[in-house]
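Read the structure below first, then the notes.
We name chains A, B, ... by the order of the sequence lines, and we start the count at 1 in each one. Computed over heavy atoms, backbone and side chain alike; hydrogens, waters and symmetry mates excluded.
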There are 2 protein chains.
Amino acid sequence: MKQISTRYSMAVHILSLIAITPNEVTGDFIAESVNTNPVVIRRIIGLLKKAGLVDVRPGVGGAFLLRAPEEITLLDIYRTVNLIEDNQLFGVHEDSNVLCPVGRNIEMVLQSELSEAQSAMEHRLAQTTLSQLTARFK
Amino acid sequence: MKQISTRYSMAVHILSLIAITPNEVTGDFIAESVNTNPVVIRRIIGLLKKAGLVDVRPGVGGAFLLRAPEEITLLDIYRTVNLIEDNQLFGVHEDSNVLCPVGRNIEMVLQSELSEAQSAMEHRLAQTTLSQLTARFK
DNA sequence: TTCGTAGTAACTATAATGGTTACAACGGTG
DNA sequence: CACCGTTGTAACCATTATAGTTACTACGAA
């Protein structure tokens, strides 16, 4: 299967970098730390901006947090960057045969179970803040 | 983002159908219930066979469970069908710049957090058995 | 021997991903 | 004012996973 996009881990990286740097941070600087193309960084920062997590100084550049690192959780970042259909992590096949007892019920029954599993994961993500993360860098 | 493949929900569908059907079930019959091409079904059954969840009568055909529906969990099926690199749901970008405190630590620190989140999800999947699922079909 | 089925290989169209080049817009600075 | 570094996008690309399809071989039972 395909893993969840590294866009997410890169977003955490970006926010961590902004959090621990006293002055403002340019996209090119972040790109060097992440070791990727600056455009990739800008795209992710665009999502973070739209979500109100960061802002960027126009013209001269430089990103900064709009929320305290103690108040940004891994779930916040996940939700920002991992745009997904109906916010459902699990895809469920549709158009099953309604003439069959399984086909008639599988979608609803399974979707409810899978949503619970997804919630369990998201709940765990919500337990960790950006500041807890950056505290572990040495 | 991309959702987790519907291969998983189809696998649950397939096993449910085998579980509630008294006699053995052919791939074509399952394909009609799932409403897809029989080859797609055969491919998934191949994975289920390899995992020891089902077996298929050669020649004449027909699949049957090798384990009681009470002893097959959604996690078992997930693990069978959702083959993924290192069993890590979350992809984490590699080759970050080691000269940067964030780049040097992000991979290990984040991976450990994300593994916990994944475990929380899998733990929830392990709570539901195939028999609990089929009991909800009416 | 024939028929229905399983197992596979090969091909396709579609979509997400991560990277890349290019360029316009913007705000300080000399 | 003119330049420079930066941001925001658009456009394009190669790679990969996905889900479906056709086609063929192998097998067992009637």
Side-chain angles (χ1 to χ4, degrees), chain A residues 1-11 13-14 17-18 21 23-32 34-51 54-64 81-85 88-96, chain B residues 1-11 13-14 17-18 21 23-51 53-64 81-85 88-96:
Chain A
M1 219 208 40
K2 228 188 166 88
Q3 294 180 309
I4 289 176
S5 163
T6 58
R7 190 166 60 235
Y8 177 42
S9 67
M10 287 196 271
H13 189 145
I14 291 168
L17 205 51
I18 300 177
T21 307
N23 39 330
E24 291 165 13
V25 199
T26 70
D28 285 31
F29 179 78
I30 299 173
E32 273 196 18
V34 175
N35 200 19
T36 186
N37 191 292
V39 176
V40 174
I41 302 298
R42 286 181 224 152
R43 278 202 284 241
I44 296 172
I45 289 183
L47 294 172
L48 299 172
K49 263 182 72 173
K50 219 190 300 180
V54 305
D55 205 1
V56 179
R57 210 162 295 279
V60 61
F64 53 94
V81 155
N82 249 311
L83 312 162
I84 199 172
E85 199 180 321
Q88 299 288 347
L89 175 61
F90 292 90
V92 174
H93 61 290
E94 298 174 358
D95 305 318
S96 289
Chain B
M1 220 209 36
K2 226 186 169 86
Q3 293 180 310
I4 288 175
S5 163
T6 58
R7 191 165 59 236
Y8 177 41
S9 66
M10 290 195 269
H13 189 145
I14 291 169
L17 205 51
I18 300 177
T21 308
N23 40 330
E24 291 165 10
V25 200
T26 69
D28 286 31
F29 179 79
I30 298 173
E32 273 196 16
S33 175
V34 175
N35 200 20
T36 185
N37 191 291
V39 177
V40 174
I41 302 298
R42 287 182 225 151
R43 278 203 284 243
I44 296 172
I45 289 182
L47 294 172
L48 299 173
K49 263 181 72 172
K50 221 189 301 180
L53 291 179
V54 305
D55 205 0
V56 179
R57 210 163 295 277
V60 61
F64 52 95
V81 155
N82 250 313
L83 312 161
I84 199 173
E85 201 181 319
Q88 299 287 347
L89 176 60
F90 291 89
V92 174
H93 61 288
E94 299 174 358
D95 305 318
S96 288

Taking five pairs at each end, how big is the angle between the two axes of the helix from C:dT1-D:dA30 to C:dG30-D:dC1, to 10°? 0°

For a side chain to side chain contact (heavy atoms under 4.5 Å, CB included) check, start with the C-alpha distance between B:L89 and B:I4, then their side-chain angles and the critical distance, and finish with the verdict. CA-CA 10 Å; B:L89 176 60; B:I4 288 175; 4.2 Å; yes

Decide yes or no on side chain to side chain contact (heavy atoms under 4.5 Å, CB included) for A:I45 and A:I30, but give the supporting numbers first. CA-CA 10 Å; A:I45 289 183; A:I30 299 173; 4.0 Å; yes

Minimal non-hydrogen separation, A:M1 against B:S5, with atom names: SD-N, 4.1 Å

Touch class at under 4.0 angstrom, heavy-atom based, for A:G62 against every strand present: sugar-phosphate

Can you run down the side-chain hydrogen bond (donor to acceptor under 3.5 Å, both in side chains) pairs that involve residues 34-46 of chain A, sequence neighbours left out, and say none if there aren't any? none

Does the side chain to side chain contact (heavy atoms under 4.5 Å, CB included) test come out yes or no for B:L83 and B:L47, once each step is laid out? CA-CA 10 Å; B:L83 312 161; B:L47 294 172; 4.0 Å; yes

Could you give the start and end, 5' to 3', of the contact zone on DNA chain D for chain B, using atoms under 4.0 Å from its heavy atoms? D:dT18 to D:dG28

On DNA chain C, more 5' by nearest nucleotide between A:R57 and A:S5 is A:S5

State which residues pass ring pair (Phe, Tyr, Trp, His ring centres under 6.0 Å) with B:F90; sequence neighbours excluded, sorted by chain then number. A:Y8

Interatomic spacing from CD1 in B:I14 to CD1 in B:I44 - rounded to 0.5 Å: 4.5 Å

Any chance you could measure B:I18, atom CD1, to B:F64, atom CZ, to the nearest 0.5 Å? 9.5 Å

Minimum-distance pair of heavy atoms, taken over all atoms of A:Q3 and B:E85: NE2-O, 3.5 Å

Going by number, which of residues 88-96 of chain A have a non-hydrogen atom under 4.0 Å from DNA chain D? none

Nearest heavy atoms of B:V56 and B:K49, plus distance in Å: CG2-CD, 3.7 Å

Find which nucleotide of DNA chain D each of A:M1 and A:T26 is nearest to by heavy atoms, and output the residue with the more 5' nucleotide. A:T26

A:G61 versus A:E24, closest heavy-atom pair with distance: O-OE1, 4.0 Å

Taking any heavy-atom pair under 4.0 Å as a contact, classify B:V56: base, sugar-phosphate, or nothing. sugar-phosphate

Report which part of the nucleic acid A:G59 touches: base, sugar-phosphate, or nothing (heavy-atom distance under 4.0 Å, all strands). base

Specify the closest pair of heavy atoms between A:A11 and A:V81, including all atoms of both residues, with the distance to one decimal. CB-CG2, 3.6 Å

Contact span of DNA chain C against chain B, any nucleotide atom under 4.0 Å from a heavy atom, 5' to 3', runs C:dG4 to C:dT17

Applying a 4.0 Å non-hydrogen cut-off, can you work out what A:R43 is touching in the nucleic acid: base, sugar-phosphate, or nothing? base

Is the closest side-chain heavy-atom distance between A:T6 and A:S9 below 4.5 Å? yes

